[in-house]
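Each remark here refers to the structure printed beneath this line.
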Amino acid sequence: MKPNLLLAGVAGMALLAACQTAPADDMSDNLTAEETIEVETVMDAEEDVEVEAAVEAEMAEAAETVDDAMNVSNSVALAAALAMQPEEVQARYDARNPGATLEFFGIEPGMTVVEALPGGGWYSKILLPYLGPEGKLIGAHYPDEMWIRILPGADEERVAGILAQLEGWTETAEGWAGENGAKVYDYKLTTLPDDKAEKADAALFIRALHNLYRTEAELGTFTATIAETYRILKPGGVVGVVQHRASEDTPDEWADGNAGYLKTSIVVDAFEAAGFELEESSEVNSNPADDAGPGDIVWRLSPSLATTEEGSAEREAMAAIGESDRMTLRFRKPK
């Protein structure tokens, strides 16, 4: 090789070596002070991002763990409330599905819950121990003027007896609640005081809407009650509806509540008109065997069996159908 070519090759290798990137550990030796600060700042920022991401992941995992624990705790509390009911009540769980229904509505211990038409307390006696000492159950009775219009063969004496029972409902319900149950209050629908607005977490209408619709034309009770429910609920509050369901193709004049049945469309339209959003529906309380239509009333079925005689084939046929087919709807008041 010629001397000049050899020198050129050596020079080229030296230049190539000089242009190579220095190892990370020696990087600061080849940077100015300002460049070193900039690199360290970038590296610190990357480390901060990684730490924040790790913390957020841990917090999310912890939140999921807390939610899971709360769900388990709620399920245990609900199971306990269901188990403490007498055998004759538990015998109807397959038809009424109270556990799955309350879970679908999102009812939890510590809530303030309005229950329309609490009556003899079938659901109240489950809700009171489940809501617990931090919870509140508010019984919402029908307005006085409804009773004479919805009870068959009702007279003033019978209505007076019902109203007297309602006057003592809170005391009776406190007896159901015991020491560890929810606090008890009550009022009559369409008479809610202004200072009670946005106090409740949830409102339940379980087989209660048909009578309100029956007196809608005369008293306006259906729309007034739904508007009042919107007012009593906190933003984000829930309405749970379980109602005897009429097929959408049945005549409107039959599905007017007088037979016990309402169309789902009537209920949804009314709640949406009041400002609620239909969040979800469930078939947990459906019964396809109940194919009711004109001429049928809901009280022909269990548990009333009001249209047939004991021991008859007709009663046996009605009992075989089971309880009514029911819509189960969850509405929410927007936040």
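- The pair Lys188-Glu167 meets the salt-bridge criterion, since a charged nitrogen lies less than 4.0 angstrom from a carboxylate oxygen.
- His141 has its side chain within reach of Pro118: a pair of non-hydrogen atoms, C-beta onward, lies under 4.5 Å apart.
- Annotation: Asp155, atom CG; neighbour count of heavy atoms from other residues, nucleotides and ligands within 6.0 Å is above 12.
- Linking ILVMFWY residues whenever their side-chain heavy atoms come closer than 4.5 Å, directly or via other members, places Phe205 and Val268 in the same cluster.
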Can Glu198 and Lys333 be said to form a salt bridge (Lys or Arg N to Asp or Glu O under 4.0 Å), step by step? CA-CA 11 Å; Glu198 298 190 351; Lys333 178 178 178 177; 3.8 Å; yes
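- For the pair Glu218/Glu145, no side-chain contact is recorded, criterion being any heavy-atom separation below 4.5 Å from C-beta on.
- In the hydrophobic clustering of this structure, Val284 does not group with Met327; members are Ile, Leu, Val, Met, Phe, Trp, Tyr whose side-chain heavy atoms approach within less than 4.5 Å, directly or through other members.
- Rounded to the nearest 0.5 angstrom, Thr215 OG1 and Trp147 CH2 are separated by 11.0 Å.
- Remark: Asp186 CG to Leu166 CG distance equals 8.0 Å, nearest 0.5 Å.
- Judged as a side-chain hydrogen bond (donor to acceptor under 3.5 Å, both in side chains), and not counting sequence neighbours, Asp269 has no contacts.
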What's the verdict on side-chain contact (heavy atoms from CB on, under 4.5 Å) for Phe271 and Leu329, showing C-alpha distance, side-chain angles and the deciding distance? CA-CA 11 Å; Phe271 276 93; Leu329 310 174; over 6 Å; no
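- Judged by distance alone, with hydrogens and angles left aside, the side-chain atoms of Arg315 form a donor-acceptor pair with the main-chain N or O of Leu305 at under 3.5 Å.
- Looking at every heavy atom in both residues, Ala83 comes nearest to Gln90 through O-NE2, 3.1 Å.
- A pairwise comparison of heavy atoms in Trp299 and Asn258 identifies CZ3-O, 3.5 Å as the closest pair.
- Under the 4.5 Å side-chain heavy-atom criterion for ILVMFWY residues, no single connected hydrophobic cluster contains both Ile297 and Tyr213.
- In this structure, Tyr142 contributes its side chain and Ala208 its backbone to a donor-acceptor pair below 3.5 Å.
- Val298 and Leu212 are members of different hydrophobic clusters when ILVMFWY side chains are connected at heavy-atom separations under 4.5 Å.
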Run the numbers on Glu248 and Lys263 for salt bridge (Lys or Arg N to Asp or Glu O under 4.0 Å), then give the verdict. CA-CA 6 Å; Glu248 292 294 325; Lys263 294 181 180 181; 5.2 Å; no
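- Distance alone, capped at 3.5 Å, is enough to place a donor-acceptor pair between the Lys183 side chain and the Pro133 backbone.
- Judged by distance alone, with hydrogens and angles left aside, the side-chain atoms of Arg149 form no donor-acceptor pair with the main-chain N or O of Met146 at under 3.5 Å.
- In the model, Thr328 has a side-chain atom that pairs as donor or acceptor with a side-chain atom of Asn285 under 3.5 Å.
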Intermediate values then yes/no, side-chain contact (heavy atoms from CB on, under 4.5 Å), Gln85 and Lys125: CA-CA 8 Å; Gln85 303 307 311; Lys125 293 172 185 177; 3.5 Å; yes
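- Contact check for Ser282 versus Arg330: no side-chain heavy atoms found under the 4.5 Å cut-off.
- Looking at Glu280, its side chain never comes within 3.5 Å of a backbone N or O of Phe331 through a donor-acceptor pair.
- Residues Glu323 and Arg92 meet the side-chain proximity criterion, which asks for heavy atoms closer than 4.5 Å.
- Taking CE of Met318 as the start and OG of Ser312 as the end, the distance is 9.5 Å to the nearest 0.5 Å.
- At least one donor-acceptor pair closer than 3.5 Å links the side chain of Asp325 to the backbone N or O of Asn287.
- Expressed to the nearest 0.5 Å, how far CD1 of Ile321 lies from OG of Ser302 amounts to 9.0 Å.
- For the atom pair CG (Leu262) and NE2 (His210), the distance works out to 8.0 Å, reported to the nearest 0.5 Å.
- Taking CD of Glu179 as the start and CD of Glu174 as the end, the distance is 13.0 Å to the nearest 0.5 Å.
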Which side-chain N or O atoms in residues 222-240 pair as donor and acceptor under 3.5 Å with protein atoms at least two apart or in another chain?
| from | atom 1 | to | atom 2 | distance (Å) |
| --- | --- | --- | --- | --- |
| Thr223 | OG1 | Glu216 | OE2 | 3.0 |
| Thr225 | OG1 | Thr221 | O | 2.8 |
| Glu228 | OE1 | Thr190 | N | 2.7 |
| Glu228 | OE2 | Thr190 | N | 3.0 |
| Glu228 | OE2 | Thr191 | N | 3.0 |
| Glu228 | OE2 | Leu192 | N | 2.8 |
| Thr229 | OG1 | Thr225 | O | 2.7 |
| Arg231 | NH1 | Asp194 | OD1 | 3.4 |
| Arg231 | NH2 | Leu192 | O | 3.2 |
| Lys234 | NZ | Asp201 | OD1 | 3.1 |

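- For Pro334 against Gly275, the heavy-atom pair with the smallest separation is CD-O, 3.4 Å.
- Within a 6.0 Å sphere centred on CD of Glu309, heavy atoms belonging to other residues, nucleotides or ligands number 12 at most.
- Of the possible donor and acceptor atoms, one in the side chain of Trp254 sits under 3.5 Å from a partner among the backbone N and O of Asp296.
- Put simply, Leu301 and Leu209 are part of two different groups of oily side chains (I, L, V, M, F, W, Y) that touch within less than 4.5 Å, one to the next.
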Check step by step if salt bridge (Lys or Arg N to Asp or Glu O under 4.0 Å) holds for Arg326 and Asp290. CA-CA 9 Å; Arg326 295 163 187 160; Asp290 177 24; over 6 Å; no
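- Clustering of Ile, Leu, Val, Met, Phe, Trp and Tyr by side-chain heavy atoms under 4.5 Å joins Val242 with Leu78, Leu82, Val89, Tyr93, Leu102, Phe104, Phe105, Ile107, Met111, Val113, Trp122, Tyr123, Ile126, Leu127, Leu128, Tyr130, Leu131, Leu137, Trp169, Trp176, Val184, Leu204, Ile206.
- Across all their heavy atoms, Pro129 and Ala81 have their closest contact at CG-CB, 3.9 Å.
- The backbone N or O of Glu277 sits nowhere less than 3.5 Å from a side-chain atom of Arg332 that would complete a donor-acceptor pair.
- A pairwise comparison of heavy atoms in Arg245 and Ser286 identifies NH2-CB, 3.4 Å as the closest pair.
- Counting non-hydrogen atoms of other residues, nucleotides and ligands closer than 6.0 Å to CD of Glu171 gives a total of 12 or fewer.
- Nearest heavy-atom pair, Ala292 versus Arg300, reported as atom, atom and distance to 0.1 Å: CB-NH2, 3.9 Å.
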